[in-house]
Number of protein chains: 2
Amino acid sequence: MNLSKKVNAPMIAPIKCSQCPIRHRAVCARCDDDELTLLESIKTYRTYAAGDVILWRGEPLEFVASVVQGVATLSKTMEDGRTQMVGLLLPSDFIGRPGRENIEFDVTATVDVTLCCFDRPKFEKLVNETPHIAQRLMELALDELDAARDWMLLLGRKTAREKIATFIEMLARRSSHGQDGNKDIIDLHMTRDQIANYLGLTLETVSRQFSALKKDGVIDFSDRKHFTVEDIAALQEETGDDADGGVVY
Amino acid sequence: MNLSKKVNAPMIAPIKCSQCPIRHRAVCARCDDDELTLLESIKTYRTYAAGDVILWRGEPLEFVASVVQGVATLSKTMEDGRTQMVGLLLPSDFIGRPGRENIEFDVTATVDVTLCCFDRPKFEKLVNETPHIAQRLMELALDELDAARDWMLLLGRKTAREKIATFIEMLARRSSHGQDGNKDIIDLHMTRDQIANYLGLTLETVSRQFSALKKDGVIDFSDRKHFTVEDIAALQEETGDDADGGVVY
DNA sequence: AATTTGCCTTGATACAGATCAAAGAATCAT
DNA sequence: ATGATTCTTTGATCTGTATCAAGGCAAATT
């Protein structure tokens with residue numbers, strides 16, 4: 001899910017890989033050549049079109065995977081159709097849980113997605129034999145858990161305006177290129193409806209809050225899916241989070 | 001957090017331990033004698049009175065621990081005092097994250113709590129050298145992640161009535177003694193205010209929903225902190241969850 | 001036993017965000 | 001290009017839950 005990154009998280013050195021360098025960053029930062037060769041030998045690629053469901057809830061998990069390209073969402077749906085997104089997968093994020101046969105949510109591609117997949121039994125064997133991969137996966141799970149808990153605070157206690165501000169700030173942090181990342185044009189990736197499902201709101205409320213933040217000069221839209229942050233300080237003020245770096249995305 | 005347990009989760013055999021058997025179930029199901037001895041040698045006990053803060057957010061983590069007795073909560077607080085509980089720790093649950101210096105939430109004892117603590121650096125050394133402990137900790141983290149995601153659906157999309165019904169059903173499942181666990185007297189452990197912080201509600205709404213469920217004959221209170229489930233089918237109906245066992249607590 | 005204190009319940013009212021509705025953009029298909 | 005479809009915006013209204021307020025009960029203290 002990767003919403004939250006500690007500032008002092010250990011830096012993972014990128015590792016050369018002809019086809020999908022990103023994968024090794026996600027799965028393993030310290031594999032030796034033999035292990036990398038093993039990973040190579042059990043990997044396959046899969047691609048999904050925007051809107052495709054990658055995995056249905058309850059479906060047996062045949063593979064674990066790393067996102068190479070695109071954006072996928074994790075979501076839960078109630079009987080009557082209410083849905084809640086419970087995670088966002090960006091490149092380098094990991095799908096699947098060694099030791100688990102099933103997942104408890106749907107995974108859907110919001111744009112075209114490429115996955116680097118590893119056969120689950122073989123991957124699990126590798127995990128069993130390679131302690132630092134198990135450790136790395138635990139760290140990934142703990143990162144996701146931190147992110148999930150930040151999101152619980154958002155869902156349970158934040159106002160619509162704070163939710164939207166938090167969401168935008170997260171996107172700004174993630175997509176900032178330079179050190180001084182404001183004024184970059186940021187891609188929204190999702191529809192208003194999907195954002196609403198992420199934030200526990202309706203699409204109309206999302207739209208209204210975007211309009212309000214634009215009117216107040218905090219952000220500016222170049223088109224429906226692209227915007228710039230005009231006043232990053234004001235934006236941070238609106239998130240409701242502590243001013244100090246308690247929550248760092 | 002341990003809210004959700006998969007029915008098909010691998011059964012962890014209890015391991016004999018003179019002082020805190022529960023700990024070994026939490027940390028490790030397959031340790032050999034040498035490893036257990038190592039664990040023994042780095043453990044200490046700490047106790048906390050009801051209401052004590054066990055760990056403040058941001059505080060450096062000196063130990064990791066396993067809950068031996070009592071109930072503790074994980075919570076996040078906003079500048080203006082709004083708080084959201086993001087986890088519940090019951091006996092056998094684990095506190096702390098190997099590889100992490102800090103935690104991002106407060107840990108508070110709601111009743112008297114006994115922890116079995118392990119010095120963090122020493123524990124991490126053990127994790128590094130013992131692959132199956134890392135695996136076990138990853139499984140614990142994944143269980144918590146599943147629970148956190150169920151809670152996200154609750155916080156983002158459920159009505160007050162559904163939230164309360166879900167909460168009660170969770171308690172009922174956890175504290176049921178016999179196979180046919182209904183009609184047991186269930187202990188609420190927490191105040192209305194704490195429940196409200198868990199469910200993203202106010203204490204008045206919690207109180208009103210309890211009263212409503214009692215009036216409708218779904219539950220019955222013997223006193224403020226103790227109740228019985230009078231109609232388990234109706235209760236499950238009210239949670240909004242799928243009738244089939246999608247979510248199993 | 002009386003008093004304090006900390007929860008808890010219930011009522012009245014307010015309001016944020018949901019819902020219902022309709023008209024504008026943008027994208028897609030023909 | 002043209003029409004169809006899908007997404008977005010904006011307005012009007014409704015409603016579930018928060019907020020404000022007052023009193024009740026039970027455990028703890030004197």
Side-chain angles (χ1 to χ4, degrees), chain A residues 49-51 73 78 80-84 108 110-112 153-168 187-216 219-227 238 240, chain B residues 49-51 78 80-84 108 110-112 154-168 187-216 219-227 238 240:
Chain A
T73 62
M78 295 172 68
D80 62 3
R82 280 175 284 174
T83 77
Q84 176 64 51
T108 312
T110 53
V111 297
D112 292 356
L153 175 63
L154 176 143
L155 292 172
R157 292 301 183 199
K158 288 191 178 180
T159 64
R161 179 138 175 150
E162 288 168 339
K163 286 177 175 181
I164 294 287
T166 305
F167 176 70
I168 290 175
D187 193 334
L188 217 42
H189 293 301
M190 315 178 206
T191 65
R192 301 290 185 269
D193 189 49
Q194 290 171 326
I195 296 168
N197 284 335
Y198 199 17
L199 299 175
L201 297 170
T202 60
L203 67 97
E204 293 94 334
T205 299
V206 171
S207 178
R208 277 185 244 274
Q209 295 298 335
F210 276 149
S211 300
L213 284 174
K214 178 177 176 171
K215 186 168 78 60
D216 296 345
I219 55 174
D220 194 37
F221 279 88
S222 46
D223 68 51
R224 289 171 167 188
K225 287 264 171 68
H226 298 270
F227 67 93
E238 299 275 6
Chain B
M78 295 172 68
D80 62 3
R82 281 175 283 175
T83 77
Q84 176 64 52
T108 312
T110 53
V111 297
D112 292 356
L154 176 144
L155 292 172
R157 293 300 185 200
K158 288 191 178 181
T159 65
R161 178 137 175 152
E162 287 168 340
K163 286 176 176 181
I164 293 288
T166 305
F167 177 70
I168 290 175
D187 192 335
L188 218 41
H189 293 301
M190 314 180 207
T191 66
R192 302 290 185 267
D193 190 49
Q194 290 171 325
I195 296 168
N197 285 334
Y198 199 17
L199 299 175
L201 297 170
T202 59
L203 68 96
E204 293 94 334
T205 299
V206 170
S207 178
R208 279 185 243 273
Q209 295 299 335
F210 276 150
S211 300
L213 284 173
K214 177 176 176 172
K215 187 168 76 59
D216 296 346
I219 56 175
D220 194 37
F221 280 89
S222 47
D223 67 51
R224 288 172 169 190
K225 288 262 171 69
H226 299 270
F227 66 93
E238 299 275 6

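Just so we're on the same page: letters track the sequence lines, and every chain starts at 1. Predicted model, so just to flag it, every value in this text is computed and none were measured.
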### Query
More 5' along DNA chain C: A:Gln209 or A:Asp223, using each one's nearest nucleotide?
A:Gln209
#### Entry: For A:Glu204, salt bridge (charged side-chain N to carboxylate O under 4.0 Å, His left out) partners two or more places apart
none
### Query
Which atom names give the shortest non-hydrogen contact between A:Lys163 and A:Leu154, and what distance separates them?
CE-O, 3.3 Å
### Task
Calculate the interatomic distance between A:Leu201 atom CG and D:dT8 atom P; express it in whole Å.
15 Å
### Task
Figure out the CZ/C1' separation between A:Arg82 and C:dT19, and round it to whole Å.
14 Å
#### Entry: Nearest heavy atoms of A:Arg157 and B:Leu201, plus distance in Å
NH2-O, 2.9 Å
### Summary
A:Leu188 CG to C:dA26 C1', in whole Å, measures 15 Å
### Message
How long is the straight-line distance from CG of A:Leu203 back to CZ of A:Arg208, given to the nearest 0.5 Å?
### Response
9.5 Å
#### Entry: For atom CG of B:Leu199 and atom C1' of D:dG16, their distance in whole Å
16 Å
#### Entry: Rounded distance [0.5 Å steps], OG1 in A:Thr191 versus CG in A:Asn197
8.0 Å
### Message
Please check this pair: side chain of A:Asp112 against backbone of A:Ala50, looking for a donor-acceptor N/O pair closer than 3.5 Å.
### Response
yes
### Query
Can you name the closest pair of heavy atoms from B:His189 and B:Asp187 and give their distance?
N-OD1, 2.9 Å
### Query
Taking B:Ser211 for the side chain and B:Ser207 for the main chain, is one N or O donor matched with an acceptor at less than 3.5 Å?
yes
### Message
Quick check: closest heavy atoms across A:Gln84 and A:Leu199, and the distance to 0.1 Å?
### Response
NE2-N, 4.5 Å
### Message
If I take atom CD1 in residue A:Ile195 and atom P in nucleotide D:dT8, what distance separates them, rounded to the nearest angstrom?
### Response
8 Å
### Summary of protein contacts for nucleotides 6-16 of chain C, nucleotide by nucleotide, where a base hit scores B, a sugar-phosphate-only hit scores S (4.0 Å, heavy atoms)
BBSBBBB----
### Query
What does the inter-axis angle of the helix from C:dA1-D:dT30 to C:dT30-D:dA1 come out as, five pairs per end, nearest 10 degrees?
40°
### Query
Tell me: CG of B:Asn197 to P of D:dA18, nearest whole Å?
11 Å
### Summary
In whole angstroms, the gap separating C1' of D:dT8 from NE2 of A:His226 amounts to 15 Å
